[in-house]
Each structure stands twice: as C-alpha cells, then as structure tokens.
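Okay, so here's the structure we're looking at.
Counting convention: from 1, in listed order, for ligands and their atoms alike.
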Amino acid sequence: MPAAAHEPEVIRDKAAMRAWSRRRRAEGKVVALVPTMGFLHDGHLSLVSAAVAAAAGPVAVVVSIYVNPSQFAPTEDLATYPSDFAGDLRKLAATGAVAAVFCPPDLYVRGGRPDASESGGAISCLEQGDGYGHETWIRVERLEKGLCGSSRPVFFRGVATVVAKLFNIVEPDIAVFGKKDYQQWRVICRMVHDLDFAIEIIGSEIVREADGLAMSSRNVHLSCEEREKALSISRSLVNARTAALNGNSHGQQIKDQIVQTLEEAGGQVDYVEIVEQESLTPVERIDRPAVICVAAWFGKVRLIDNIEIQPPS
Ligand code: AMP
C-alpha cells in the first residue's frame, strides 16, 4: 500500500540519507534537520514547527532519531533510555510537516582502543573497557565545561561529534535545537561557528506541561510523587526570574533560594548556576542578559531546566 502523503520516509542508511537531502535541495527545498533521541513529545514536535517557520518557504524537514551512546558515561541511563519508534512515527506523521525520519543503526565505530594518554582523569577512567573506540572527537573546549559538563564529562564531546556527523550526512541548511538543553544549544552554535558549517542554528523555546514541568523524554521515569516534587524546579526558576526583574540582581541569593526550594521538595541538586546567555560564563549580578540553569535529581531521574532573564536596562 503506498504511504499516505504526509507519512515521513524512514531512512536508515547514511548514503541514502545524503542522496535524499541532495535531491530535495535540487528541487529547491530548504533542508531542515531536527536531531532527537526519540520517545518524542510536544517539545520535540515544536522544533519541527520552528524548522518550518525558519525555512519561510518550501522545506524538507528531517527528524533524526538516534540514541547516541557516545554521550552517555557507563554509569548513566543509556540502557533504560525510553524508546517507542512506532509511536514516534505516528506523532511525526500527524504533524504533516516531516518529510523524512533518519534513524541510523549506529553512527560511530566501536572497537578501537581509547587512548589513555589523551585525556587523563575522569574521561579516560570512564572510557576504560567500555568500547568507546571512536578516535575522532569534537571538543568545544570551554563551553563543554561547567554546568552539565561538570558531572557529565564525556557528554558534550559525544553530542558535538554525533551532531557533526549528522550535519555531514544530512547536509541541512537549518538545524533546530531546544533551549531546554541550553548548554547543548550553545555548544552546537559554537561548533558551527568555529568549524564553518554552512548551517543556520535555531534555538527554540522550552515547551512545558500545563503545570510548568519542562517536557522531557525522561519524565516518564518519574513516579507521581517525584513528578509533583519536580515541579519545584520550574516554580523556583519562575520565582527567581520575578525576583531578578523586581530588582534583586544578587546572584548568590537567588541561587541559594533555588537550592533551598529544590531541597525542601526532596530534590538532590546537581547544580544551580547563573551564567551569561552566550558565553555561559558565571555572573555574580544579573545586570545583563543571563540564564539560570538547574540540574537536579528526583529519585533516579536527573532533570534539567533553565530560564532566561533580560533585566530592564
Ligand atoms: P532529546 O531527544 O532529549 O535529545 O532532545 C532532542 C531535541 O529536543 C533537543 O534539541 C532538545 O533540546 C529538544 N527538546 C527536548 N525537550 C524539549 C522541550 N521541553 N522543549 C523544547 N525543546 C526540547
């Protein structure tokens, strides 16, 4: 039976993906890529809408679904990362806006030996014996540190490397990332700038549940009770922004208040930081555009969220 017109074409092969993109571009279409790890929710689907809006003309939207092992440390939740490929395809088809789904079986070569001398410290420890055989990595050296990079030292090199591979395979004109993963978005912007990728990067706003919880594939692992407690994240961020806009520019006070709220709710704080929006450099006073970034554990689930603040000039 022929596929319905809006049903995305599923492409698994790298060469087929590249050829598909080149055909679309030859037809005069803008190729827009939305990279995801699947188990899609409305936050992901908002990126598809943002891609269509950014193209402002004939567009071929490609959504990639690939759970990238290279960004997970061995202690992290790769094995339990949720997936529902059939459900994802249904959701993407329902948008009527996705032309292709790229789901490569594997995007990096396993089996080489990690070079222990290369990294020293945390990264080489994490690599030992875990088959991280890929030899070529993209490091966005300053931006990958701090925030999530402190507790996830291999995360951003895994993200940057696999996103670069997706860029080389799909050859998009536009790629859309969620501000939910604020540091990731900035790392990709920087990589694109530094390596001269001819790709426009769009940062798209965070989509939240009605009660404020930032949508995340990992929310499915929260119990009802944990989910209720996790609302303290968005609540504390909104309160912090209100305080900042009402003249409390004292960063440490604002951070302390957020930590207190999260801990009182039963969360275990990984970090609460206030940083400049582009450089992600910590700020002591919120007297310029800043973003408050939070990572906290509720039960076995690590959640991240953030809120941008543009203080009145
Ligand atoms: P993931 O599948 O979690 O790796 O996310 C794929 C893309 O969707 C990334 O660019 C995320 O930042 C983005 N994303 C995830 N959750 C949200 C959300 N709640 N709102 C907007 N974008 C999101």
> Are there more than 12 heavy atoms of other residues, nucleotides or ligands under 6.0 Å from atom CZ of R227?
Replying inline: yes
For the 3.5 Å polar cut-off, considering only N or O atoms, please tell me whether [X] and ligand 1 meet it.
{"X": "G178", "answer": "yes"}
{"X": "M37", "answer": "yes"}
{"X": "S217", "answer": "no"}

>> Between Q253 and N248 (side chain of the first, backbone of the second, donor and acceptor by atom type, cut-off under 3.5 Å), is there such a pair?
In response: no
>> Has D173 got a side-chain atom pairing as donor or acceptor with V31's backbone, closer than 3.5 angstrom?
In response: yes
> Please walk me through it: do C103 and F85 pass side chain to side chain contact (heavy atoms under 4.5 Å, CB included)?
Replying inline: CA-CA 10 Å; C103 43; F85 187 62; 3.7 Å; yes
> Just heavy atoms, cut-off under 4.0 Å: does V34 contact ligand 1 by side chain, backbone, both, or neither?
Replying inline: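 The answer is neither.
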> Could you go step by step and tell me if E273 and K255 meet the salt bridge (charged side-chain N to carboxylate O under 4.0 Å, His left out) rule?
Replying inline: CA-CA 7 Å; E273 294 287 353; K255 288 195 286 185; 3.8 Å; yes
Distance under 4.0 Å to a non-hydrogen atom of [X]: what atoms of ligand 1 satisfy this?
{"X": "L47", "result": "7 (C), 8 (O), 10 (O), 13 (C), 22 (N)"}
{"X": "I206", "result": "20 (N), 21 (C)"}
{"X": "G43", "result": "18 (C), 20 (N), 21 (C), 22 (N)"}

Among all protein heavy atoms in this structure, tell me which lies nearest to [atom], with the distance rounded to 0.1 Å.
{"atom": "atom 15 (C) of ligand 1", "result": "H41 CE1, 3.9 Å"}
{"atom": "atom 20 (N) of ligand 1", "result": "V207 N, 2.9 Å"}
{"atom": "atom 12 (O) of ligand 1", "result": "D181 OD1, 2.6 Å"}
{"atom": "atom 23 (C) of ligand 1", "result": "K180 CB, 3.9 Å"}
{"atom": "atom 6 (C) of ligand 1", "result": "P35 O, 3.3 Å"}
{"atom": "atom 1 (P) of ligand 1", "result": "H44 NE2, 3.6 Å"}

At what distance, to the nearest 0.5 angstrom, does [atom1] of [X] lie from [atom2] of [Y]?
{"X": "R90", "Y": "E7", "atom1": "CZ", "atom2": "CD", "value": "11.0 Å"}
{"X": "I274", "Y": "H250", "atom1": "CD1", "atom2": "NE2", "value": "10.0 Å"}
{"X": "E278", "Y": "R190", "atom1": "CD", "atom2": "CZ", "value": "8.0 Å"}

>> Can you tell me which residue among Q277, E205, Q184 is in a side-chain hydrogen bond (donor to acceptor under 3.5 Å, both in side chains) with K179?
In response: E205
> Could E144 and R157 be called an ion pair, given the rule that one side-chain N must be under 4.0 Å from one carboxylate O?
Replying inline: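 Salt bridge absent between E144 and R157.
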> Heavy-atom distance to atom 21 (C) of ligand 1: which of E205, K179, M215 wins?
Replying inline: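 Nearest heavy atom to atom 21 (C) of ligand 1 lies in E205.
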> Under a heavy-atom criterion of less than 4.0 Å, does Y81 contact ligand 1?
Replying inline: yes
